[in-house]
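Keep in mind the model is a prediction, meaning the values are calculated, not measured. Every chain is numbered from 1, with letters handed out A, B, ... down the list of sequences.
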Amino acid sequence: MSISITLPDKSVLNFDQPVTVQEVAESIGPGLAKATLAGIVNDKKVDNGFLIERDAALKILTPDSPESLELIRHSTAHVLAQAVTRLFSKVQLAIGPSIKEGFYYDFDLETTFSPDDLVRIEKEMNKIIAEKIPFQRLEMTKAEAMALLKERGDTYKIEMLEGIEDDHVSFYQQGEFLDWCRGPHLPDTGKIKAFKLLKTAGAYWRGDEKRPMLQRVYGTAFPKKDELEAYLHRLEEAVRRDHRKLGKELDLFSFSDEVGAGLVIYHPKGAAIRYALEDYLKKEHVARGYQPVIGPQILKVDMWKTSGHYQMKYPMYFTKIEEQEYGIKPMNCLAHIMIYKAKTRSYRDLPLRLFELGTVHRHEKSGVLHGLLRLRGFTQDDAHIFCLPDQLLSEIKGIIDFVDSTMSLFGFTYELEISTRPEKSIGSDEDWEQATAALKETLDQLGLPYDINEGDGAFYGPKIDIKLHDAIGRSWQCATIQCDFSLPARFDLSYVATDGSLKRPVMLHRVIFGSLDRFFGILIEHYAGAFPVWLAPTQVRIIPVSEQQTPYAERVADQLRQAGIRVDLDSRNEKLGYRIREGAKEKIPYLGVVGEREAANNQVALRKHKEGDLGSIDLEALREKLTSEIANRQ
RNA sequence: GCUGGAGUAGCUCAACUGGUAGAGCAGGUCACUCGUAAUGAUCAGGUAGUGGGUUCGACUCCCAUCUCCAGCUCCA
């Protein structure tokens with residue numbers, strides 16, 4: 001009997017009898033043998049002890065393999081669970097998967113974990129790692145497993161096992177600790193080189209708020225210490241850039257207990273940035289053939305019944321005027337639909353692109369509010385495109401082009417996701433299929449890769465979501481394109497076709513920023529509060545060296561202001577160094593110092609944020625420089 | 001909404017086991033008139049998120065409520 005094993009480089013190794021992954025590694029070399037964590041046999045991840053019994057393709061996983069990360073984290077989760085069972089009595093294990101940035105493990109225990117506990121658990125974990133305990137795989141039938149779990153009283157595991165189809169399952173044992181688990185795992189606990197417990201939190205069993213609240217411990221692990229440190233540094237960086245903190249420090253916006261949760265108040269500096277963003281949007285929409293419109297804040301409740309929002313229990317606010325019930329708009333589409341309906345439309349009128357900076361209100365649950373990123377009242381750069389079915393593709397292409405140019409303006413990369421029909425939805429199956437196909441076809445034609453997010457569409461149609469990546473690698477959902485056959489039918493929209501018959505238009509809902517408020521919050525973190533000139537609330541600050549230059553400084557500020565530049569003056573009775581420091585702390589792009597020399601020569605000594613002194617330039621040159629940078633959105 | 005934590009001057013924070021609150025920065029005033037990241041002096045500022053309760057007495061204990069933070073669930 002002979003077994004041939006094909007390695008990723010297509011080379012083939014032959015063995016006389018079944019071999020384990022580890023043995024294959026040993027036959028290649030001692031270095032690899034030592035580094036081997038696990039293997040991938042015919043696309044399936046397995047332990048290093050997995051016995052290969054027939055011809056197979058094998059990839060050996062070492063700490064350098066990207067596929068190892070998940071493995072390392074999952075095994076670290078097991079070590080966490082082992083440590084917790086050592087330190088706490090009466091613990092029930094629930095579930096402990098690896099996740100995008102690390103891992104967690106959910107426990108059911110009577111007390112809640114304190115920060116001190118976290119330190120204790122971490123210490124115990126380090127002990128377990130130092131012990132280099134092997135992970136051993138035990139296989140058995142489902143019935144045997146069930147008996148074992150019942151004997152141990154593992155109620156959560158029993159519930160999970162009941163949902164499993166396979167007849168054979170596995171357990172993993174490391175020392176005294178045994179856990180029902182699919183695996184695979186590292187060879188032994190000593191292979192864990194860099195981990196950290198991050199936080200504890202409550203989490204419902206299976207995410208269901210009616211089920212018991214468990215204690216979740218979050219942590220992360222990496223193959224190498226420096227990778228862990230880089231990750232922890234990134235977390236610190238995210239804290240440093242937190243838009244809620246910067247918003248307060250830079251005096252951009254505030255929230256108030258008296259006003260209410262989730263309702264943002266923009267201060268002058270924050271509003272300056274908002275207006276700059278709105279100006280960009282308005283100009284860009286008009287240039288792309290959209291027509292700006294304005295709808296009312298509240299609409300009679302019957303409108304929301306026709307649209308389906310009411311029956312769908314969309315989280316809206318309602319109010320009454322003389323016994324007539326009104327709904328405060330959570331979306332802008334209805335007024336746009338009424339504009340379409342205001343007169344008979346011909347196929348010649350389509351596509352009709354209506355755009356509005358529409359402020360909407362949604363009754364978000366209190367626990368989800370989060371700075372500017374999750375509000376109860378926010379403004380969307382919302383547009384609705386009414387078009388012929390055969391215009392759908394080109395319209396979607398146009399929107400994607402818009403998204404692309406906007407993302408590159410801010411330096412965001414992005415990826416696409418198509419979300420399909422959710423459980424709570426309206427419309428016929430055919431319409432959903434047609435709409436979903438249209439979205440896929442467009443992206444296919446454009447050659448753009450995308451993921452499918454099943455069941456995550458809007459209630460009236462499927463959507464393309466755009467996830468952007470910011471300066472420190474986090475992703476955010478902002479832009480979305482939704483294809484809708486339902487609302488045109490519900491509101492009985494029609495156009496006169498070439499043959500004189502009445503036909504139904506298709507509707508696209510789309511946003512580019514999504515919520516201006518959220519986008520602003522993301523920008524604050526993206527730029528770490530140091531906005532480019534075109535967005536900065538104060539684009540240049542003029543600082544006279546001493547009182548004698550104040551009149552000249554006022555003239556400089558005034559001339560720049562006349563040119564439409566956001567300029568201010570700091571002629572306070574403070575030392576120059578002090579005022580430079582203040583300007584730097586406020587992250588103002590340019591500081592213009594004027595002393596005796598500048599006043600005599602009609603010049604300004606320019607200092608750029610983060611870059612320092614640029615030397616003196618003529619006032620006229622400064623005006624042109626700033627005007628051009630602002631116009632080019634630099 | 002749920003679980004846990006928090007709420008002291010504009011901001012950041014402090015005050016032993018209950019005995020009616022302090023500092024730095026910011027702000028006002030004065031002096032200095034200053035050349036690229038903190039000049040000095042001085043003054044003012046809070047009754048402790050809000051409402052109840054316990055107590056001779058509460059910032060400190062209890063209850064309710066509001067808001068914030070972390071997570072769950074949900075979402076632009």
Side-chain angles (χ1 to χ4, degrees), chain A residues 104 106 111-115 198-218 242 244-245 248-249 251 254-263 314-315 330-332 358 360 362-382 456 458 463 465-466 476-480 482 509-522 543-550 571-586 591-598 605-610 612-616:
Chain A
Y104 67 80
D106 283 347
T111 54
T112 57
F113 290 123
S114 69
L198 298 170
K199 57 196 165 194
T200 59
Y204 300 104
W205 169 235
R206 301 208 147 169
D208 185 343
E209 63 184 67
K210 291 180 192 69
R211 309 290 303 267
M213 172 69 71
L214 306 171
Q215 296 289 317
R216 177 171 294 179
V217 177
Y218 281 95
D242 192 313
R244 293 166 299 185
K245 185 167 160 271
K248 196 185 276 182
E249 281 172 13
D251 196 18
S254 65
F255 291 92
S256 142
D257 294 8
E258 291 100 310
V259 171
L263 302 167
Y314 200 86
M331 291 187 184
N332 303 296
V360 297
R362 297 181 186 173
H363 189 163
E364 301 295 351
K365 292 178 180 178
S366 56
V368 305
L369 302 174
H370 184 93
L372 294 178
L373 304 184
R374 199 70 185 274
L375 296 164
R376 291 205 170 123
F378 57 97
T379 302
Q380 296 177 305
D381 56 339
D382 205 358
D456 209 31
K463 55 182 186 171
D465 284 330
I466 289 91
W476 306 95
Q477 209 246 283
C478 293
T480 172
Q482 303 170 353
H509 308 241
R510 49 102 289 184
V511 288
I512 306 294
F513 284 4
S515 151
L516 266 75
D517 312 84
R518 168 183 280 187
F519 198 77
F520 178 33
I522 292 167
I543 306 177
V545 171
S546 80
E547 242 168 44
Q548 265 120 50
Q549 289 86 40
T550 300
S571 55
R572 285 178 304 167
N573 185 14
E574 296 289 351
K575 282 233 192 274
L576 179 60
Y578 178 85
R579 287 174 290 161
I580 299 274
R581 179 184 150 84
E582 293 273 288
K585 272 169 55 181
E586 289 178 47
L591 299 178
V593 176
V594 293
E596 224 174 307
R597 287 197 296 278
E598 287 73 24
L606 204 57
R607 184 192 168 95
K608 191 166 186 183
H609 184 65
K610 296 259 181 204
D613 203 343
L614 301 181
S616 291

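Across the C1' atoms, B:rA70 and B:rC30 are found 48 Å apart, a figure rounded to whole Å. Taking atom C1' in both B:rG71 and B:rU47, one finds a spacing of 35 Å when rounded to whole Å. Only the P atoms considered, B:rA41 is 22 Å distant from B:rA37, to the nearest whole Å. Atom P of B:rU36 sits at a distance of 22 Å from the matching atom of B:rG27, rounded to the whole Å. Nucleotides B:rC16 and B:rG28 place their P atoms 34 Å apart, quoted to the nearest Å. Comparing the same atom, C1', in B:rA6 and in B:rU50 gives a spacing of 16 Å after rounding to whole Å. A distance of about 13 Å separates the P atoms of B:rC59 and B:rG18, rounded to the whole Å.
Counting any heavy atom pair closer than 4.0 Å across all strands shown, A:A605 reaches a base atom. When heavy atoms are screened at a 4.0 angstrom cut-off, A:R216 is found touching the sugar-phosphate backbone but no base atom. In this structure, A:I543 reaches neither bases nor backbone, as no heavy-atom distance under 4.0 Å exists between it and the strands shown. If you check every strand for non-hydrogen atoms under 4.0 Å, A:E596 touches a base. Within the nucleic acid shown, A:K463 comes within 4.0 Å of sugar-phosphate atoms alone, with no base atom in reach, counting heavy atoms only. A:G595 comes within contact range of at least one nucleobase, with a heavy-atom separation under 4.0 Å. Base engagement by A:V368 is indicated by at least one non-hydrogen atom pair under 4.0 Å involving a base atom.
Shown here are the side-chain hydrogen bond (donor to acceptor under 3.5 Å, both in side chains) partners of A:R206, two or more places apart in sequence or in another chain: A:E159. For A:F378, the ring pair (Phe, Tyr, Trp, His ring centres under 6.0 Å) criterion is met by no residue, not counting sequence neighbours. Partners of A:R362 according to the side-chain hydrogen bond (donor to acceptor under 3.5 Å, both in side chains) rule, which considers only residues two or more places apart in sequence or in another chain, are A:Y314. By the salt bridge (charged side-chain N to carboxylate O under 4.0 Å, His left out) test, A:K245 is found to be paired with A:E249, residues two or more places apart in sequence or in another chain being considered. Taking A:R244 as the reference, A:D242 meet the salt bridge (charged side-chain N to carboxylate O under 4.0 Å, His left out) condition, with sequence neighbours excluded. Under the salt bridge (charged side-chain N to carboxylate O under 4.0 Å, His left out) criterion, A:D381 pairs with no residue at all, not counting sequence neighbours. By the side-chain contact (heavy atoms from CB on, under 4.5 Å) test, A:S616 is found to be paired with A:E598, A:Q603, A:A605, residues two or more places apart in sequence or in another chain being considered. A search for side-chain contact (heavy atoms from CB on, under 4.5 Å) contacts involving A:A261 returns A:L369, A:R376, not counting sequence neighbours. By the salt bridge (charged side-chain N to carboxylate O under 4.0 Å, His left out) test, A:R374 pairs with A:E364, sequence neighbours left out.
Mapping A:R362 and A:A584 onto RNA chain B via the closest heavy atom, the residue that lands nearer the 5' end is A:A584.
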Subject >> Bracket string, RNA chain B, 5' to 3' - pairs by Watson-Crick or G-U geometry under 3.5 Å, | interstrand >> reply: (((((((..((((.....[..)))).(((((.......))))).....(((((..]....))))))))))))....
Heteroatom pairs (N/O) under 3.5 angstrom, protein to nucleotides 24-27 of chain B:
from: B:rA26; atom 1: OP1; to: A:Y578; atom 2: OH; distance (Å): 2.6
from: B:rG27; atom 1: OP1; to: A:R572; atom 2: NH1; distance (Å): 3.2

Where do N or O atoms of nucleotides 67-70 of chain B meet protein N or O atoms at under 3.5 Å, pair by pair?
from: B:rU67; atom 1: O2'; to: A:D257; atom 2: OD1; distance (Å): 2.9
from: B:rC69; atom 1: OP1; to: A:R244; atom 2: NH1; distance (Å): 2.9
from: B:rA70; atom 1: OP1; to: A:R244; atom 2: NH1; distance (Å): 3.4
from: B:rA70; atom 1: OP1; to: A:R244; atom 2: NH2; distance (Å): 2.9
from: B:rA70; atom 1: OP2; to: A:R244; atom 2: NH1; distance (Å): 3.2

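With values rounded to the nearest 0.5 angstrom, A:R510 atom CZ is found 10.0 Å from A:I466 atom CD1. To the nearest 0.5 angstrom, A:D613 atom CG is 13.5 Å from A:K608 atom NZ.
For A:R206 and B:rC72, a side-chain-to-base donor-acceptor distance below 3.5 Å is absent, hydrogens and geometry of angles not being considered. With hydrogens and angles ignored, a donor-acceptor pair under 3.5 angstrom links the side chain of A:E598 to the base of B:rG35.
Here A:F378 lies parallel enough and close enough to stack on the base of B:rA76, with planes under 30° and ring centres under 5.5 Å apart.
Going from atom CG of A:D517 over to atom C1' of B:rC75 covers 14 Å, rounded to whole Å.
Between A:L373 and A:W476, the shortest heavy-atom distance links the atoms CD1-CZ3, 3.3 Å.
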